[in-house]
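For reference, the structure is listed below as structure tokens.
As a basis for the values below, the full set of heavy atoms in this structure was taken, side chains included, without hydrogen atoms, waters or symmetry mates. Here the structure is a predicted model, which means the values were calculated and not measured. Quick note on labels: first sequence line is chain A, next is B, and so on, each numbered from 1.
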Amino acid sequence: MTTTSEAPTAQAAAPQPKAKKSGGSLGRYIAVRALLIIPTVFILVTAVFLLMRSTGDPITAAQGGRLPADQLAERIHAAGYDRPLLVQYLEYLGNILHGDFGTTLSDHRPITEVVTTFGAATLELSAYALIIAFAVGIPLGRIAAFRRDRGADAGLRIFAILAYATPVFFAGLMLKLVFSVWLDVLPVNGRASTRAELQLARVDNPTGIYLIDAFKTGDPAVIGDVLQHAILPALALGLLTAGVFLRVVRTNVISTFGAGYVDAARSRGVPERRLLRKHAYRPALIPIITVVGLQIALLLSGAVLTETTFEWKGLGFQLGQYLQARDFVAVQGIVALLAVVVALTNFIVDIIAALIDPRVRY
Amino acid sequence: MSDLVEITDLSVTFATDAGPVRAVDGVSLAVKPGEVLAVVGESGSGKTVTAKSILGLLPETASIRGAVVLRGRDGGETDIATVSAKGLRRARGRDAAMVFQEPSTALNPVYPVGWQIAEGLLAHGRMTKAEARAKVLDVMRRVGIPDPETRIDHYPHQFSGGQKQRIVIAQALVLDPGVIVADEPTTALDVTVQAEILDLLRRCRDEFGAAIVLITHNMGVVADLADRVAVMYQGKLVEEAPVRELFESPREPYTQQLLAAVPRIGEGLARAAERAARRPEGWESEAPVVSAEGLRIVYPGRFRQPDFVAVDGVSFDIRPGEVLGLVGESGSGKTTIGRAMAGLTKVSGGSFRVLGVEMNGAKERDIRPIRHRIGFVFQDPATSFNPLLTIAQCVAEPLVVHGRAESAADARARVDELLEAVQLPASYGDRYPHELSGGQRQRASLARALALDPELLIADEPTSALDVSVQARVLDLFDELHRELGFAALFISHDLAVVDMLADRIAVLHRGRMVEEGTGAEVLGAPSDPYTQRLLASLPVPDPVLQAQRRAEWEGLGA
Amino acid sequence: MPSTASSPRASRWARLPIVSQLRQSIGLQRGMLVAGLVLTVIFLVTALLAPVLAPYGYAELRDENGLFGATQAPSSAHLLGTTQGGYDVLSRLIWGSRTALLVILVAVAASIVVGVALGLIAGYFGGWLDRVLVVIADAIYAFPSLLLAIVLAIAINHGQSGMWPGILAAALSITVIYIPQYLRVTRAEVVRIKSEAFVESARVIGAGHVRIMTRHVLRNSLRTLPLILTLNASEAILTLAGLGFLGFGIEPSAAAEWGYDLNKAVGDVTSGIWWTALFPGLAIVLVVLGLTLVGESLNDLSDPRLRRRAAGAEPVEDLLAPASTTQEASA
């Protein structure tokens with residue numbers, strides 16, 4: 001969906017008998033799709049750069065008012081922010097091409113290092129949330145479609161709409177209130193307790209993904225501790241994403257269930273359950289994968305908010321810290337790097353969708 | 001032997017927003033073993049609803065009265081109207097199977113065709129995968145899919161339209177049902193492919209011993225395949241008779257009218273002569289209105305796909321007052337030529353002069369001055385009017401655009417005149433397009449095209465979406481208006497008989513090239529090109545006796 | 001003919017967007033639509049009548065009896081308690097609806113105007129402009145909207161916040177995020193409609209581009225707009241709340257904003273103080289729920305595949321009566 005696959009050119013609006021070639025190699029599709037990453041990343045990086053600079057240089061933003069004017073000017077000059085914007089922009093682009101997204105102002109760390117350090121935590125949280133979203137959203141979406149307009153469907157649709165309407169941080173706060181404060185069965189904040197953190201820090205070659213590191217310690221107490229900390233943030237983010245998946249699955253299955261080939265299979269005596277399971281569900285999966293791919297963006301937005309709610313020390317949490325410190329170099333770098341990540345993820349999703357669809361386009 | 005299908009006093013009512021609508025009203029029919037029963041009728045006649053009720057495929061909004069009894073080859077009886085869901089499922093496919101109109105939607109795009117053929121087998125009996133595969137290969141071979149061992153694992157999009165329909169038929173045949181219900185099985189196909197599918201359906205009866213219920217609106221198809229015919233009109237069964245009897249001496253007025261409305265090749269000769277006689281002396285030497293010379297139209301391919309050549313090296317002239325009929329199957333480039341003539345598609349090569357403007361390389365600016373001299377009638381009456389404007393506003397549009405009127409209200413007098421000319425009451429001007437039937441809309445479309453009294457009219461399949469009797473009226477109207485107004489016209493159609501009725505000259509297109517051009521008598525009477533011969537031979541004529549001879553000829557051509 | 005078109009006045013009333021859908025809805029769909037409309041109307045009334053409904057001002061810390069006091073539990077004086085900062089929760093709740101409404105109005109209006117205009121131009125003319133716009137729109141669409149909103153909020157006012165600057169910053173960043181969506185939707189509709197015969201017919205007639213775009217294409221491509229509008233309004237509220245929660249909200253002295261209040265309530269929850277988080281959160285949920293229910297039901301009703309009714313009877317051809325041209329084309 002993020003590609004031009006649904007962006008026919010103007011001429012395509014005219015009838016093109018047989019111009020729609022069903023052949024075309026998958027290799028070509030992958031190549032064309034890969035080329036599309038470049039403009040996408042370029043546009044986002046440029047937009048972020050221009051927006052962040054549109055109101056001045058980051059040093060004034062961070063230090064303005066706290067430093068005397070001459071010291072401020074000196075610092076700005078030293079960092080090169082007094083040069084023409086175009087020069088800075090070209091330098092910025094050049095650095096990005098070399099994989100250099102800049103260095104934070106507040107703690108002088110390279111952005112790439114910040115992202116790799118804290119990215120693991122975000123990845124871990126997103127993975128838990130995705131697992132919950134798939135495990136809950138897709139089967140429930142099928143059930144809603146199969147029991148269309150009956151009680152189960154009505155209930156599930158209301159769940160889906162509620163999941164959409166609830167901000168993830170509100171859901172997080174309420175889960176915290178109930179399970180951590182009132183019932184006192186789960187930890188309030190963080191990724192692990194202090195004792196577990198200490199043990200995890202001693203692991204050789206830590207991955208940063210606490211569950212893997214916890215298994216490396218071999219201590220069941222640490223594993224349990226890490227899992228306990230993950231439950232609430234993963235549930236908050238996962239259930240809300242599950243609502244989106246549920247809706248997508250339901251709509252797509254219902255619309256394929258009305259297709260002519262379902263009626264055709266019915267006319268041959270294929271049982272209703274099989275019609276739903278095989279004929280309606282499978283063709284509906286292809287658009288589902290594409291839509292699910294687009295939810296990566298939603299998931300990342302959600303991760304930023306969830307991490308802030310649960311003090312889950314990932315990229316989103318760190319982004320919040322930099323925002324409070326008014327370190328806009330760090331914000332710009334992290335956002336630009338995430339643009340690359342999102343573009344790559346969408347590329348992979350599109351390729352998967354093309355592989356699953358026997359009618360490979362292009 | 002007893003009847004395979006016995007429909008007794010069937011009534012079907014649909015619940016709709018506008019209240020209940022009765023689609024089928026007291027119909028009784030019987031299908032005997034090994035016969036082809038054709039159910040004919042126009043849209044809204046209830047023929048498809050009747051067919052679907054045989055397999056219990058009606059939607060939940062339908063309520064059924066009466067009985068539909070299926071008798072299986074094992075002698076078991078099932079009443080579709082009262083049977084349990086389980087019993088219905090068992091009867092479907094085994095006692096009766098269905099062939100659908102649109103083969104591309106009847107096949108699931110994400111499964112191989114072999115899987116889809118085998119699915120019916122597995123739903124009805126215990127057999128191993130290997131047994132099922134052997135049966136599938138056998139049936140694919142028998143319906144004429146070459147190289148079934150490879151093709152069995154291919155997906156539907158890898159087959160042509162005609163092959164897809166063969167696979168749909170194979171899906172029905174593999175279960176060895178007593179009766180096959182074929183709902184407009186050839187309507188979506190080109191006429192040469194239609195002939196092959198009709199042939200296959202005949203073999204279904206002869207070799208597989210299946211009775212066929214053939215639902216169709218095409219009298220030629222009926223004449224070709226049917227043993228017995230049931231005519232339906234507005235939900236009721238009007239007449240039922242053996243095929244020859246029905247065509248020779250139809251009893252009911254509706255049947256007579258229906259048969260009279262079917263265009264027949266050869267009828268056009270008299271009309272063409274009549275038109276020729278009316279023309280002034282020396283018309284042939286007048287400068288042509290349209291002149292194509294080596295016309296080439298290419299759709300550029302995207303992402304370095306090869307370009308698609310839609311029209312290649314086509315030359316023709318249309319002189320003032322002359323009607324050129326352009327015939328061809330889908331993908332022949334006939335619509336593309338019409339669009340290029342109206343400046344809707346770019347010309348890639350050659351010369352194409354329309355009313356003095358060279359369309360090759362012409363900009364919108366160059367074409368605009370001749371726009372008011374061209375009228376265009378589109379194929380689909382459903383989409384050719386802006387749904388938010390009234391008919392009067394739509395018809396007034398050309399008058400307003402070209403400054404003949406200040407506003408739609410200002411143009412109303414002329415609009416009423418035009419509506420009258422196409423035999424629509426002036427009050428219809430206040431209606432919205434969706435409040436008119438297809439035929440009425442197509443007449444309004446003609447009124448809009450003629451609003452500026454054009455010298456050139458382009459009609460792109462103007463009647464192909466209409467029922468035969470409606471088509472006859474629109475064609476008559478076209479002829480009448482042409483006589484009065486004397487415009488030159490390009491008449492595009494896939495139907496040789498329709499073109500024959502109206503055209504002075506006929507051009508036959510095949511895959512973007514013009515294979516033959518000449519008067520109706522030349523092209524249809526004595527075709528010289530093998531493609532034209534094949535096209536003509538594969539067109540079923542609405543006469544069972546004649547069609548039987550023609551079929552023999554067609555088989556002789558080895559198509 | 002459908003009975004709804006029997007008299008011209010009734011038909012005009014029945015043709016209005018939401019009214020016509022309400023008339024044709026049944027069962028669960030009608031229930032959803034009605035519930036959504038009720039919630040939306042409550043939200044609108046609260047926002048409009050905030051000065052009358054709210055017991056205190058959004059920035060009031062004291063009354064004649066002195067300071068309200070911080071984190072007071074719900075009582076007769078403060079029905080929903082007070083916040084950590086010592087504000088009355090109920091009052092900020094009510095005033096917050098006003099902020100939310102203003103942001104929605106500005107954001108949705110601006111993004112519709114710009115997005116629809118760009119979509120119309122891109123879809124109608126095609127060519128390189130279309131391709132560039134689509135690539136940009138796709139790039140923005142696939143990116144986490146909240147991150148973009150943060151960047152925009154920084155760009156617009158360095159994350160500072162008075163009432164109007166705060167509202168404008170939030171609205172503008174939401175605008176930029178949603179322009180691509182309107183562009184995509186409008187463009188897709190325009191491309192579809194452009195190839196319909198009635199638009200080609202206008203071209204053949206010789207109508208100019210402006211006339212074709214306004215008279216034939218635009219109005220026909222806006223039929224799904226009420227639906228996108230409600231859905232985007234709800235997304236706008238969520239984005240506003242997300243921004244507020246991350247500290248890009250509007251200062252409490254400038255206006256009331258639910259997301260900001262939730263941000264301040266994070267610490268309260270840990271100490272078991274529930275009323276500062278629960279009520280602003282519920283407010284967000286209910287407003288978004290209302291708008292989404294309306295949007296979802298409209299979507300279901302406009303999509304024939306999801307709508308559970310058979311279609312009305314088509315007008316029947318008048319073929320059996322030879323002089324039938326004067327006859328009604330009724331079923």
Side-chain angles (χ1 to χ4, degrees), chain A residues 2-4 6-11 13-15 36 39-40 43-44 47-48 51-52 54-55 61 149 154 157 161-162 164-167 169-170 173-174 176-177 180-182 188-189 251 254-255 258 294 297-298 300-301 304-305 308-309 320 323-324 326 328 331-332 335 338-339 342-343 346, chain C residues 27-28 32 125-127 130-131 134-136 138-148 150-152 154-159 188 191 194-195 234 238 241-242 245-248 259 262-263 265-266 269-272 274 277-278 280-281 284-289 292-293 296 303 305-306 308:
Chain A
T2 61
T3 72
T4 52
E6 61 154 24
T9 53
Q11 293 92 320
L36 265 168
T40 308
I43 288 164
L44 285 171
V48 169
L51 285 170
M52 298 296 288
S54 62
T55 49
D149 287 326
R157 292 193 75 186
I161 294 175
L162 265 179
Y164 169 77
T166 310
F169 45 90
F170 177 56
L173 286 177
M174 289 301 113
K176 235 157 99 162
L177 186 69
S180 309
V181 181
W182 287 348
V188 182
N189 280 332
T251 316
I254 284 178
S255 72
L294 278 178
L298 186 94
L300 271 177
S301 288
V304 171
L305 295 167
T308 311
T309 314
L323 281 171
Q324 305 233 305
R326 314 193 66 73
F328 293 158
V331 174
Q332 179 184 328
V335 173
L338 283 179
V342 169
N346 281 321
Chain C
L28 176 64
M32 282 170 57
F125 288 107
D130 177 42
R131 268 170 249 183
V134 166
V135 170
I136 294 178
D138 279 351
I140 296 178
Y141 185 72
F143 197 70
S145 56
L146 189 67
L147 294 186
L148 211 58
I150 291 171
V151 172
L152 282 158
I154 292 173
I156 290 165
N157 64 356
H158 278 227
V191 166
K194 201 178 73 165
S195 62
S234 54
L238 289 176
F245 185 73
L246 287 177
F248 283 87
L262 273 170
N263 178 5
V266 173
V269 164
T270 319
S271 33
W274 50 271
L278 179 67
I284 298 173
V285 173
L286 289 177
V287 173
V288 177
L289 189 66
T292 313
L293 281 172
E296 280 263 301
D303 187 344
R305 293 174 309 184
L306 298 176
R308 300 221 68 190

Honestly, the part of L278(C) sitting under 4.5 Å from a heavy atom of chain A is both

Select one option (side chain, backbone, both, neither) describing which atoms of L238(C) are under 4.5 Å from chain A's heavy atoms. side chain

Given a strict heavy-atom distance threshold of 4.5 Å, which part of [X] is in contact with chain C: side chain, backbone, both, or neither?
X: L173(A); answer: both
X: T309(A); answer: both
X: I161(A); answer: both
X: L51(A); answer: both

So V287(C) and S234(C), do their side chains get closer than 4.5 Å, heavy atoms only? no

Determine whether V191(C) and D130(C) make a side-chain contact, defined as any pair of heavy atoms from C-beta on separated by less than 4.5 Å. no

To check you understand the geometry: which heavy-atom pair defines the closest contact between [X] and [Y], and what is its length?
X: L305(A); Y: G242(C); result: CD2-O, 3.9 Å
X: S145(C); Y: S301(A); result: N-OG, 3.6 Å
X: L36(A); Y: T40(A); result: O-OG1, 2.8 Å

If you count heavy-atom pairs within less than 4.5 Å of chain C, which of [options] leads?
options: L298(A), L162(A), V331(A); answer: L162(A)
options: V342(A), L44(A), L300(A), T166(A); answer: L44(A)
options: G258(A), G320(A), A339(A), P39(A); answer: A339(A)
options: T308(A), L177(A), V304(A); answer: L177(A)

Using a cut-off of under 4.5 Å on heavy-atom pairs, state which of N263(C), L148(C), I284(C) scores highest against chain A. I284(C)

Out of T292(C), L293(C), L147(C), which one racks up the most heavy-atom pairs below 4.5 Å with chain A? T292(C)

By ring-ring contact (aromatic ring centres under 6.0 Å, His included) - contacts of F169(A) (at least two apart): F245(C)

Rounded at 0.5 Å granularity, tell me how far CZ in R157(A) sits from CD in E296(C). 5.5 Å

With sequence neighbours excluded, residues passing side chain to side chain contact (heavy atoms under 4.5 Å, CB included) with V48(A): M52(A), Q332(A), V335(A)

